[in-house]
Structures are given as C-alpha cells and as structure tokens.
Peer 1: 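Starting off with a structure, shown below.
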Amino acid sequence: MKMQKVHGSGNDFFILDQQDLDSNLTEEQLRELTKKVCDRTNGLHGGADGILYVQEGHKDTDGRMRVINADGSEASMCGNGIRTVARYLSEKKNLNNFKIQTMYADLQVKKSDDLANGVQAYDAEISPVSFNAADLGMNIGQDKLIDGKIEKLSPTLKFSAVAVPNPHLIAFVNKEVLEGDTLGEIASYLNDGKNEIFPDGVNVSFVHILDDKKIFVRTFERGVGYTNACGTAMSASSLMYHMLYSDQVALEEKITVINPGGMVNTIVHKNQDGNYWMSLIGNATVVANVEINQEKALAGNFAGYSWDETGEQEKYEKFINTIKE
Ligand SMILES: N[C@H](CCC[C@H](N)C(=O)O)C(=O)O
C-alpha cells in the first residue's frame, strides 16, 4: 500500500488513495488504520494529524477527499489537507484548476505561485459558511453566537461560532492568553464527548491580532488536540477578523495568518447571495513517499516500511525561518 506524507503549514497527514490499497477497507478498518498510523508514539514514522482518503469524485469534480482525524472521527472538511490533496490530484491528472468533492460541497482548488524555492502552494475554496447552531452542533439556548459570552466556559472571553462547514469556536485574545493554558482547558472540556454545549466536539481557536491584516491563530482541534495549524480554523478566524474588525480588513483584502507551523494567506469573500466564503492559500508540501504492508499496518505493525524523502521539508523549514525573522 502506497501513501504520501504531506503537510499544510505543518498540519501533517498521510494521503491514502483508494486506488493504492492492496484490498478495500471497511469503514471500521479505515478508522482503525487511521488511529494506528497517526499515533504519535507507536504510529508510522512519528504519526500524523489524520489521514486524507482520496477516491474518485462525482460529476464535475476530479476527486473526492474524506478527512479522518487521528482519533478515527470523520470531519466534513480540512483546509490544510485539501491543498495537499489538490496537489496530489493536480500531479496525478495534470490539472491546475478543478473541483474536489467534500462531504458538503464541491470546492474549487487551483495551483498558486510557489512561496519559495521548492515550496509549492495551492489556493482552496473554504465553504459553505454557517452561523446556525444546528450546523455547528452547538447548544447554548440561542441560534447564533457572534462575539458573545458563554459564561460556563469563561467569565471574560467573548466567542464566535462558525461552521466552514466543520465547527469552529473562536475568541480574540491578548498575547498572554494566546500562549496560556486556557485554550487547552476550554477545548478539552468541549471535546470530552460528555459536555452539553458541543456534544459532537468543536475546533477551538484563540486569535491574536499582530498588525493590520495580520493575525496569529492557535488551534486545539477536535479529534486531534493541539496542531501546528488548522486551515479551516485560520479561514474561520479570518472571517471573524473581518466581521469584528472591519475597519482593519475589508472583503477581498489579503490577510496574513501566522500559526505555530508556518503561515497562510486568506481572503474573505461574499457572493451575490450574501453568503461568505474564503480563499485559503498556502503550502502543499510532500515530505515523503511511503510504502507499507496494509495488513501489517492494520495490526499496528510498522516494521519494514519504506520512507522515501523528497527533500521538500528542508526547503519548507528554510522558508519558515525567513518569515519568523
Ligand atoms: N479536526 C477537524 C478536521 C481537520 C481540520 C483541519 N486539520 C484543517 O486544516 O482544517 C474537525 O474535526 O473538524
């Protein structure tokens, strides 16, 4: 079985093309394989944040992406991941501008200018966007939450909840709170599988405004925990930045989003129907091509796999060092 180890802004995944399977996987096997492969301690070569499962897409698309989190749960979307799947399909089918089928939408993706030597980039549509509690799986006694309090979570912080379409809870904070433990405490509670506010969990992000049109986003992801970056979270945070600080950033203006794993650019759009959607532009790095015995991997036995590095990771790290200066 072949896979690619990839990342977008340091949010790392294995891409598994259904065509490369030794034998078809049941739904349960796909979840089990993901949990075993992604385990940071006993997994494949240091594990990953999830598996991006690629299949043939339906009409008017050139592929389908399913997102399986490291804990085996399935998500409706992955912003960093879809850029890497866009690159995978672009190179496999010689495409530059096409659509990828996801759980709730066929999303436009296109190759973007390299960010630096050897750092390829793609531009992905992030949509649909909803503020409705039902789309968020949120129970707070009201239908929307935009810059409002959830007293049970914090007496001071104000939150916004938006589905893109996976669910995000976002708070704008100062540097001290950004770097503190509050994010992990709130997110661990909301993803404990027992709380009544988000019974199905939620991705939680703290956002700190660095400068005009420049934000830092730190995310604790549903189904994973802290990640280097979360593409849908950075897109959702950019939308809330525009909505709550429209004096700083208007529609169609490029926002620079810094995260622990690197950076992306985002643009907030509004279509004729008045619906928001975002562009998420950032790296799509292939770290290595991997070959492993499928049956062994399903049993969590990773002896004897092949790991063929592309050399792109060191070019990505060189690029990151330039933006951190
Ligand atoms: N953990 C997310 C899915 C992965 C999203 C993230 N990796 C991204 O880049 O958008 C969820 O359960 O909704």
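Values in this document were obtained by computation on a predicted structure and should not be read as measured data. Both counts, for ligands and for their atoms, begin at 1 and track the order of listing.
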Peer 1: Examine Phe13 against ligand 1 and note whether any of their N/O atoms are separated by less than 3.5 Å.
Peer 2: no
Peer 1: So that I can tick it off, tell me whether Glu27 and Arg66 are bridged by a salt bridge, with the cut-off set at under 4.0 angstrom between side-chain N and carboxylate O.
Peer 2: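 Between Glu27 and Arg66 there is a salt bridge, with a charged N closer than 4.0 Å to a carboxylate O.
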Peer 1: Note the single closest protein heavy atom to atom 9 (O) of ligand 1, along with its residue, its atom name and the distance in Å.
Peer 2: Gly231 N, 2.7 Å
Peer 1: Judged by modelled atom types alone, do Glu317 and Gln313 share a side-chain donor-acceptor pair under 3.5 Å?
Peer 2: yes
Peer 1: Indicate, as side chain, backbone, both or neither, the part of Asn166 found under 4.0 angstrom from ligand 1 when only non-hydrogen atoms are considered.
Peer 2: side chain
Peer 1: Examine the side chains of His168 and Asn166 and answer whether a donor and an acceptor come within less than 3.5 Å of each other.
Peer 2: yes
Peer 1: Could you list the atoms of ligand 1 found under 4.0 angstrom from a heavy atom of Asn69?
Peer 2: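 Those of ligand 1 that fall under 4.0 Å from Asn69 are 1 (N), 2 (C), 3 (C), 4 (C), 11 (C), 12 (O).
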Peer 1: Does any N or O of ligand 1 fall below 3.5 Å from an N or O anywhere on Gly79, backbone included?
Peer 2: yes
Peer 1: Looking at atom 10 (O) of ligand 1, what's its closest protein heavy atom, distance included?
Peer 2: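 Closest protein heavy atom to atom 10 (O) of ligand 1: Thr232 OG1, 2.6 Å.
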Peer 1: Over all heavy atoms of both residues, which pair between Leu157 and Thr182 is shortest? Give the atoms and the distance, please.
Peer 2: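 That closest heavy-atom pairing would be CD1-CG2, 4.1 Å.
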Peer 1: Just to be sure I read this right, does ligand 1 sit under 4.0 Å from the backbone of Asn203, its side chain, both, or neither, counting only heavy atoms?
Peer 2: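 Just the side chain.
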Peer 1: Can a salt bridge be assigned to the pair Asp114 and Lys315 using a cut-off of 4.0 Å between side-chain N and carboxylate O?
Peer 2: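 Salt bridge flag = no for Lys315 with Asp114.
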Peer 1: Is the shortest distance from a heavy atom of Asn11 to ligand 1 less than 4.0 Å?
Peer 2: yes
Peer 1: Taking Arg64 first and then Glu56, would you say they form a salt bridge - that is, a charged N and a carboxylate O separated by under 4.0 Å?
Peer 2: no
Peer 1: Can you tell which of Met77, Glu221, His168 gets a heavy atom nearest to atom 6 (C) of ligand 1?
Peer 2: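 Considering heavy atoms of Met77, Glu221, His168, the nearest to atom 6 (C) of ligand 1 sits in Glu221.
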Peer 1: May I ask whether Gly223 has any heavy atom positioned less than 4.0 angstrom from an atom of ligand 1?
Peer 2: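 Heavy atoms of Gly223 never come under 4.0 Å of ligand 1.
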Peer 1: Give a yes or no on whether a salt bridge exists between Lys35 and Glu32, defined as a side-chain N under 4.0 angstrom from a carboxylate O.
Peer 2: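 Answer for the salt bridge query: yes.
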Peer 1: Which atom names give the shortest non-hydrogen contact between Lys93 and Asp62, and what distance separates them?
Peer 2: NZ-O, 2.7 Å
Peer 1: Suppose I only count heavy atoms of Ala75 and a 4.0 Å limit; which atoms of ligand 1 are within that range?
Peer 2: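 Selected atoms, number and element: 3 (C), 11 (C), 12 (O), 13 (O).
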